[in-house]
Amino acid sequence: MNTPTVADAVGTALARLGVRTVFGVVGSGNFHVTNALTAAGARFVAARHEGGAAVMADAYARVSGEPGVLCVHQGPGLTNAMTGITEAAKSRTPMLVLAAEATAARSNFAIDQSALAAAVGAVPDRVNSAATAAADLARAYHTATSERRTVLLNLPLDVQAAPAPMPFDLPAGRAAAPLAADHGAISALADALAAARRPVFIAGRGARHAKKALTHLSERTGALLSTSAVSRGLFRGDPFSLDVSGGFATPVAAELIRNADLLVGWGCALNMWTLRHGALVGDETIVVQVDLDPDALGAHRRIDLGLVGDVAATARDVALELQRRGYHATGYRSAKVAGRLAQEGRWRDVPYEEEAEDGRIDPRTLSAALDDLLPAERTVAVDSGNFMGYPAMFLDVPDPEGFVFTQAFQSIGLGLATAIGAAVARPDRLTVAALGDGGALMGIGELETAVRLGLGLLVVVYDDEAYGAEVHHFGPDGRSLDHVTFPPVDIAGIGRGFGCAGVTVRVPGDLTAVAEWISGPRERPMVVDAKVTRSAPSWWLAEAFRGH
């Protein structure tokens, strides 16, 4: 029997830690660790490009609640994955990147991989030797999972090949208890809530685990509930939910947020997107921010009070303090507000004049029709681009795990891989990849991955034959658009070439084929090439470009 190497031991140990799924592309440098992972029971999902694999691992982590794991070859294997790693790092996705590392100075694969990771906000680490391998692996895994960071664990080729010390025991990690804000800060927030008459909560990525605590506190204080885009669905079904704050907010939500006298961001950056460059904050509004990261407090705008602590633990302590005081108020929660939200709370409730363009469908009409066709149990993964608000706001989602919005780096081309990672995590739900034609064609190679995996994936391409954001931003100034507009492409035909079902949609009646696919066995993906109208920019685009 061959002596296990460090590569064997690392792969086996990760599987025993509970890693169930790994994404990547195998080369010589990560061949052995990948085989060790699968031999120990993990599933390996082979992508067609490391960039796609990184995004799949990111999406899998967001949807499953497990850490994402990516495994790549040294040098180009890592550089190919960097855009996806950057998105994950900026999103604070708990993800472990296993990257082989060439240490011979003259190797054509030799680059400073740690510097590359640090440059995009990931945490660099390394298995330094056979003797320290178990401790090094445990440290990196703990950083990824406990601190919610994207960690690059370099696996030097010579260390990988060395005999592993036996037994290969990982030091036990200790989970830290959720940290609430200190008593003085808790009391100050309780004071602010007791003084408020129109409080609004905005829950961000750091609050996705805190629905129960935030809902309870909002009921005690009369606060309305909203989310940042990435946490959409957190308060679905609550009669006082405003849905999403920011550029995607409905007119009634924007009005109610703007009129708040107290705005509390819970695990939310309160950045220009979430607050429309400050337009959703009234002149007299008191702004409070709660976050585990002290550096996040006031990073994007002035705040009146900042609390460092876990969102759920802090919300519970504030509720207990208000209970101790005997405080309970209706606040912003009135029958009139509830009635308005019931009538106007969704974008589908907002009337619009349909755009007319021969052979093209209004993206709002398309999205609303799809929303009617899709089962309630769904996952919606949205790429970046001019189109993105239509699926993001017209397609309902059952919970925050049902909405995957990879926008921290604002890269187009991530949506298809995002949907694949989400579909692997939740095969019980129909996953929808909502893409622009530019992003779809960037990541089109991963259609083969979806077909090979047998995913019942619905790929909807909002096809305006352009980089629409640039068209609508620069076009009104009379600038040449030759470089951002393209001839027609038969995207449905390309999908069929990969083995997908495919249909081109120009009018609502063309969606009959989609309805039939949804009701069928869904044994292969379906690509919908929706030729959408092009005359007007999306409502959030002008707002987005104000920051540029």
Side-chain angles (χ1 to χ4, degrees), residues 62 90-93 148 178-181 185 189 192-193 196 199-215 217-218 221 223-236 238 240-249 253-254 256-258 260-282 285-316 318 332 392-393 397 399-401 403-410 540 543-544 547:
R62 298 184 195 217
K90 287 180 175 290
S91 298
R92 292 295 292 260
T93 299
R148 299 191 63 84
L179 175 69
L189 179 50
L193 286 165
V200 170
F201 293 171
I202 303 180
R205 192 189 318 275
R208 289 176 62 156
H209 68 297
K211 175 182 178 179
K212 182 177 179 180
L214 290 176
T215 299
L217 182 61
S218 71
T221 58
L224 302 182
L225 294 163
S226 184
T227 71
S228 64
V230 294
S231 292
R232 186 180 183 223
L234 184 63
F235 303 115
R236 185 179 188 273
D238 191 296
F240 291 101
S241 169
L242 305 175
D243 201 7
V244 175
S245 177
F248 292 163
L256 292 168
I257 295 169
R258 190 181 298 114
D261 59 358
L262 174 66
L263 193 65
V264 185
W266 298 91
C268 178
L270 298 180
N271 58 27
M272 62 182 181
W273 312 116
T274 305
L275 297 178
R276 289 191 182 178
H277 301 273
L280 296 187
V281 183
T285 304
I286 293 172
V287 180
V288 179
Q289 192 175 3
V290 181
D291 205 288
L292 266 176
D293 182 3
D295 293 335
L297 301 180
H300 294 279
R301 63 156 293 114
R302 177 196 60 80
I303 60 175
D304 299 289
L305 174 65
L307 292 83
V308 178
D310 173 77
V311 166
T314 299
R316 285 193 294 267
V318 173
Y332 220 163
M393 300 317 303
V397 294
D399 50 41
E401 288 73 38
F403 187 62
V404 195
F405 196 62
T406 47
Q407 298 293 329
F409 196 35
Q410 288 183 257
W540 60 87
E543 189 68 43

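No side-chain donor-acceptor contact under 3.5 Å links Asp310 to the backbone of Leu179. Formation of a donor-acceptor pair under 3.5 Å by the Ser245 side chain with backbone atoms of Thr274 is found in this model. In terms of modelled atom types and a separation under 3.5 Å, the side chain of Arg276 and the main chain of Ala249 share a donor-acceptor contact. No side-chain donor-acceptor contact under 3.5 Å links Arg301 to the backbone of Leu270. Side-chain atoms of Arg148 never come within 3.5 Å of backbone atoms of Thr93 as a donor-acceptor pair (strictly under, hydrogens ignored). No side-chain donor-acceptor contact under 3.5 Å links Arg62 to the backbone of Val404. In this structure, Thr285 contributes its side chain and Ala260 its backbone to a donor-acceptor pair below 3.5 Å.
Smallest separation of non-hydrogen atoms from Gly204 and Ser228: CA-OG, 3.3 Å. Nearest heavy-atom pair across Val311 and Ala210 is CG1-CB, 3.6 Å. In plain terms, the two heavy atoms of Ala408 and Ser91 that are nearest each other are CB-OG, 3.2 Å. Taking every heavy atom of both residues into account, Leu307 and Ala185 meet most closely at CD2-O, 3.5 Å. Minimum heavy-atom separation, Asp261 to Pro199: OD1-N, 3.7 Å. Nearest approach of Arg258 to Ala279, heavy atoms of both residues: NE-O, 3.2 Å.
How far CZ of Phe240 is from CZ of Phe235: 14.0 Å, rounded to the nearest 0.5 Å. From Arg208, atom CZ reaches atom CD of Glu401 across 5.0 Å, with rounding to the nearest 0.5 Å. Note: Trp266 CH2 to Ser218 OG = 10.0 Å, rounded to the nearest 0.5 Å. With values rounded to the nearest 0.5 angstrom, Leu263 atom CG is found 8.5 Å from Ser226 atom OG. Atom CG of Leu242 sits about 7.5 Å away from atom CG of Leu225, to the nearest 0.5 Å. Atom NE2 of His209 is separated from atom CG of Leu214 by 8.5 Å, given to the nearest 0.5 angstrom.
In this structure, Phe248 and Asp243 have side chains that are not in contact, with every pair of non-hydrogen atoms separated by 4.5 Å or more. Residues Leu193 and Phe201 are in side-chain contact: their nearest non-hydrogen atoms beyond the backbone lie under 4.5 Å apart. In this structure, the side chains of Thr221 and Leu262 stay at 4.5 Å or more apart for every pair of heavy atoms. Residues Val244 and Met393 are in side-chain contact: their nearest non-hydrogen atoms beyond the backbone lie under 4.5 Å apart. Between Trp273 and Gln410 the shortest side-chain heavy-atom distance falls below 4.5 Å.
Put simply, the residue from Val264, Leu217, Val290 that forms a side chain to side chain contact (heavy atoms under 4.5 Å, CB included) with Val318 is Leu217.
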